Amino acid sequence: MDRTTVAIARREESIGKQVRLQGWVRTRRDSKGGFSFIELNDGSCFGNVQIVAEAALPNYESEIKKLNVGCSVTIEGEVLKSPAKGQATELKATNVIVHGWCDADAYPIQKKGATMEFLRTVGHLRPRTNTFGAMARLRNCVSNSIHQFFQEQGFLYIHPPIITASDCEGAGELFKVTMIDPAKPPLLNGKIDYTQDFFGKPTFLTVSGQLQAEIFACALGKVYTFGPTFRAENSNTSRHLAEFWMIEPEMAFYDLFDNMTLAEAFIKRIIGDALIKCSEDMKFFQERIDKDVVTRLESILKTSFLRVTYTDAIDILVKSGKTFEYPVKWGIDLQSEHERFLTEEHFKNAVILHDYPRTLKPFYMRVNDDEKTVRAMDVLVPGVGEIIGGSQREERLDVLEMRMKEQGLDPQAYWWYLDLRRYGTVPHAGFGLGLERVLLFLSGMGNIRDVIPCPRTPKSAEF
RNA sequence: UCCCCGAUAGCUCAAUGGUAGAGCGAGCGGCUGUUAACCGCUAGGUUCUAGGUUCGAGUCCUAGUCGGGGAGCCA
């Protein structure tokens with residue numbers, strides 16, 4: 001008898017085979033004819049397989065009739081063509097083994113829909129629901145697409161450090177990593193003496209692997225990172241996490257437009273794979289989460305991303321005649337309302353905004369000849385907003401040093417980063433893509449806490 | 001962090017300052033292959049926490065905790 005999965009047992013090719021299935025009961029329905037239907041799910045696909053368990057089974061009265069949502073079982077039997085509508089196949093059970101009972105009165109996951117807010121309070125059980133099962137499979141699918149996309153194009157997967165001494169972007173709150181006892185820290189002239197700490201200097205959880213990715217891009221050509229990132233900002237929104245996953249490709253000899261072309265192909269690959277490889281899960285998202293999500297993704301696949309300069313975008317916003325809460329003029333940072341207007345109302349498409357004012361962007365972005373703007377790009381999508389932020393990097397040593405000073409950073413602290421320009425500098429570019437933002441975009445889910453297995457947000461790290 | 005809103009049965013929600021209810025779920029019983037099965041009965045409550053006002057508080061007031069929506073920061 002072959003151990004198999006629900007996904008395989010549901011296919012017509014399996015009809016006639018003797019199989020063993022193992023998983024969790026979703027529901028049981030008793031028939032008047034003296035037998036029961038059990039819906040079994042094992043995570044291998046969205047759908048369940050219907051088990052027919054007849055009264056002749058030795059443990060029918062003692063166990064099978066007591067099965068309910070959440071019970072774990074092994075079921076052996078023959079796959080048959082299902083005589084009723086709703087499924088192609090069903091399993092006629094010859095043996096039902098119960099591994100774990102599940103007190104239906106106490107079990108928080110019930111057959112009827114629960115709110116996302118409630119499911120967040122039972123983070124250890126929510127993967128057993130349709131929504132979170134679908135999300136886990138989609139997240140896996142996207143992760144796989146990311147690796148395949150870059151591997152096929154000759155990128156090297158590199159692993160930047162999680163613990164870092166450099167405050168990469170010069171902005172944002174970082175989580176401190178320390179072994180110093182906060183109750184009795186070693187002091188030097190009234191301040192904490194970090195030379196006595198584990199690393200001999202203050203260290204943090206990384207906010208970006210970009211600077212380290214640049215080390216490898218400036219040695220090996222095309223690289224990407226894919227790993228966790230940490231921000232200690234007190235952000236309480238549906239689009240921010242304290243711990244999230246980011247993908248950061250970095251390419252030597254790429255300019256900003258090469259960067260855009262790559263970003264567009266990358267996003268389209270992820271969308272295309274999700275629609276094909278997770279079609280059943282995507283259909284569920286369309287039916288139960290966001291009725292337009294698949295249509296929206298398909299239309300984005302078909303059209304080219306628009307490329308608009310920051311200056312032109314400001315112009316469009318000014319001429320729109322709309323009154324925004326934050327008035328628009330050249331030099332302001334674009335607000336959510338502005339980005340939303342551009343993607344959802346004006347262009348109704350994914351848009352790449354580029355060449356932002358230098359005052360708005362970090363030191364490492366390449367200064368344009370006009371000296372007012374830098375080679376930055378943001379990819380904006382309807383519904384989610386910014387999904388990618390990237391730039392062509394400043395490869396000129398003197399300009400980079402000048403930009404650091406301009407932003408109040410000490411070039412000495414970035415000596416190794418400057419060395420990359422000092423020795424054999426190359427034009428290069430890269431971007432960062434937030435995995436969870438992509439998952440929001442792909443699924444139509446409304447809250448980023450529901451697209452990551454165990455969300456980390458202010459005041460919340462339970463599971 | 002700021003603004004607004006909310007917290008009542010396992011879940012989703014009702015309840016003029018005056019006896020806390022319903023639907024679903026659960027238990028039991030019924031029902032000729034059911035599909036979020038269906039029908040009947042039963043059980044189920046420290047109304048988020050701590051104070052306060054009142055003859056009387058789920059309801060009004062104060063503080064806190066947690067959650068949601070929006071904003072800022074960003075991915």
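Predicted model, so just to flag it, every value in this text is computed and none were measured. Order of the sequence lines sets the chain letters (A, B, ...), proteins ahead of strands, with each chain counted from 1.
- On the C1' atoms, B:G45 is 44 Å away from B:A75, given to the nearest whole Å.
- Comparing the C1' positions of B:A50 and B:U46 gives an interatomic distance of 14 Å, to the nearest angstrom.
- One can place CD of A:Glu287 at 12 Å from P of B:A36, the figure rounded to the nearest angstrom.
- Each of B:G67, B:U12, B:U34 was ranked by its minimum atom distance to the side chain of A:Phe118; first place goes to B:U12.
- For the P atoms, the distance linking B:U12 with B:G68 amounts to 13 Å, nearest Å.
- Consecutive Watson-Crick or G-U pairs involving RNA chain B, each under 3.5 Å on both distances, make up stems of three or more pairs at B:1-7 with B:65-71, B:10-13 with B:21-24, B:26-30 with B:38-42, B:48-52 with B:60-64.
- A donor and an acceptor atom sit less than 3.5 Å apart, one in the side chain of A:Gln50 and one in the base of B:U34.
- Atom C1' of nucleotide B:C74 and atom CD of A:Glu173 are separated by 13 Å, given to the nearest angstrom.
- A:Phe216 CZ: 12 or fewer foreign heavy atoms inside a 6.0 Å radius.
- Taking atom CZ on A:Phe35 and atom P on B:C31, their separation rounds to 14 Å, with Å as the unit.
- Within the 4.5 Å cutoff, the side chain of A:Arg128 has heavy atoms near those of the A:Tyr107 side chain.
- Remark: the A:Ser31 side chain and the A:Arg29 side chain contain no N/O donor-acceptor pair separated by less than 3.5 Å.
- Taking the C1' atom of each, B:G25 and B:C66 are spaced 25 Å apart, rounded to whole Å.
- Residue-level contact check: A:Ala84 touches the bases, meaning some heavy atom is under 4.0 Å from a base atom.
- Within residues 87-95 of chain A, the residues having any heavy atom under 4.0 Å from RNA chain B are, by residue number, A:Gln87, A:Glu90.
- Closest to the side chain of A:Asp333, out of B:A26, B:C73, B:U12, is B:C73.
- Taking the C1' atoms as reference points, B:A14 lies 33 Å from B:A71, given to the whole Å.
- At whole-Å resolution of the value, NZ in A:Lys361 and P in B:C73 are 11 Å apart.
- Backbone-only contact: A:Ile387 has heavy atoms under 4.0 Å from sugar-phosphate atoms and none from a base.
- For A:Tyr417 and A:Tyr364, the gap between ring centers reaches or exceeds 6.0 Å.
- Taking atom CZ of residue A:Arg128 and atom C1' of nucleotide B:G10, one finds them 16 Å apart after rounding to whole Å.
- Distance from the side chain of A:Met246 is smallest for B:A75 among the nucleotides B:C11, B:G67, B:A75.
- Salt-bridge formation is not detected for the pair A:Asp281/A:Arg139: no Lys NZ or Arg NE/NH1/NH2 atom is positioned less than 4.0 Å from an Asp or Glu carboxylate oxygen.
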Produce the list of close N/O pairs, under 3.5 Å, pairing protein atoms with atoms of nucleotides 69-71 of chain B; give distances to one decimal.
unit_1 : atom_1 : unit_2   : atom_2 : d
B:A71  : OP1    : A:Arg340 : NH1    : 3.4
B:A71  : O2'    : A:Tyr326 : OH     : 3.4
B:A71  : N6     : A:Asn236 : O      : 3.3

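- Between A:Asn48 atom CG and B:U35 atom C1' there is a gap of 10 Å when expressed in whole angstrom units.
- Residue-to-nucleotide proximity on RNA chain B shows that, of A:Pro108 and A:Lys85, the 5′-proximal contact is made by A:Pro108.
- Here A:Phe244 lies parallel enough and close enough to stack on the base of B:A75, with planes under 30° and ring centres under 5.5 Å apart.
- The list of ring pair (Phe, Tyr, Trp, His ring centres under 6.0 Å) pairs with a residue in residues 30-88 of chain A, not counting sequence neighbours, reads A:Phe35-A:Phe37, A:Phe46-A:Phe284.
- Comparing the C1' positions of B:G56 and B:A20 gives a spacing of 15 Å, expressed to the nearest Å.
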Give me the distances for all protein-to-nucleotides 37-44 of chain B N/O pairs that come in under 3.5 Å?
unit_1 : atom_1 : unit_2   : atom_2 : d
B:A37  : OP1    : A:Lys111 : NZ     : 3.3
B:A37  : OP2    : A:Arg29  : NH1    : 3.3
B:A37  : N6     : A:Asp30  : O      : 3.4

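- Checked against the 6.0 Å centroid criterion, the rings of A:Tyr157 and A:Tyr224 qualify as a close aromatic pair.
- Pairs engaging residues 324-342 of chain A under the side-chain hydrogen bond (donor to acceptor under 3.5 Å, both in side chains) rule: A:Thr311-A:Trp330 [sequence neighbours left out].
- Rounded to a whole angstrom, the distance from the C1' atom of B:A43 to that of B:G29 is 15 Å.
- Side-chain atoms of A:Thr74 and A:His99 include a donor-acceptor pair closer than 3.5 Å.
- RNA chain B is contacted by both A:Lys65 and A:Arg449; A:Lys65 maps to the nucleotide lying nearer its 5′ end (nearest heavy atom per residue).
- B:C74 atom C1' lies 6 Å from atom CZ of A:Arg437, rounded to whole Å.
- Aromatic rings of A:Phe341 and A:Phe324 (six-membered ring for Trp) have centroids within the 6.0 Å cut-off, being under it.
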Please determine whether ring-ring contact (aromatic ring centres under 6.0 Å, His included) holds for the pair A:Phe150 and A:Phe266, giving the CA-CA distance in whole Å, both sets of side-chain angles, and the decisive distance to 0.1 Å.
CA-CA 9 Å; A:Phe150 287 123; A:Phe266 179 49; 4.9 Å; yes

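- At most 12 heavy atoms of other shown residues, nucleotides or ligands fall within 6.0 angstrom of atom CZ in A:Arg288.
- A heavy-atom distance below 4.5 Å is found between the side chains of A:Lys222 and A:Tyr254.
- Atom P of nucleotide B:G67 and atom CD of A:Glu462 are separated by 11 Å, given to the nearest angstrom.
- A:Ser36 comes within contact range of no nucleotide atom at all, as no heavy-atom separation falls under 4.0 Å.
- The shortest side-chain heavy-atom distance between A:Thr343 and A:Val381 does not fall under the 4.5 Å cut-off.
- Between A:Glu280 and A:Arg10 a salt bridge is recorded (basic side-chain N to carboxylate O distance below 4.0 Å).
- Taking the C1' atoms as reference points, B:C24 lies 14 Å from B:G44, given to the whole Å.
- One finds a salt bridge joining A:Asp450 and A:Arg126 here, because a Lys/Arg side-chain nitrogen approaches an Asp/Glu carboxylate oxygen to under 4.0 Å.
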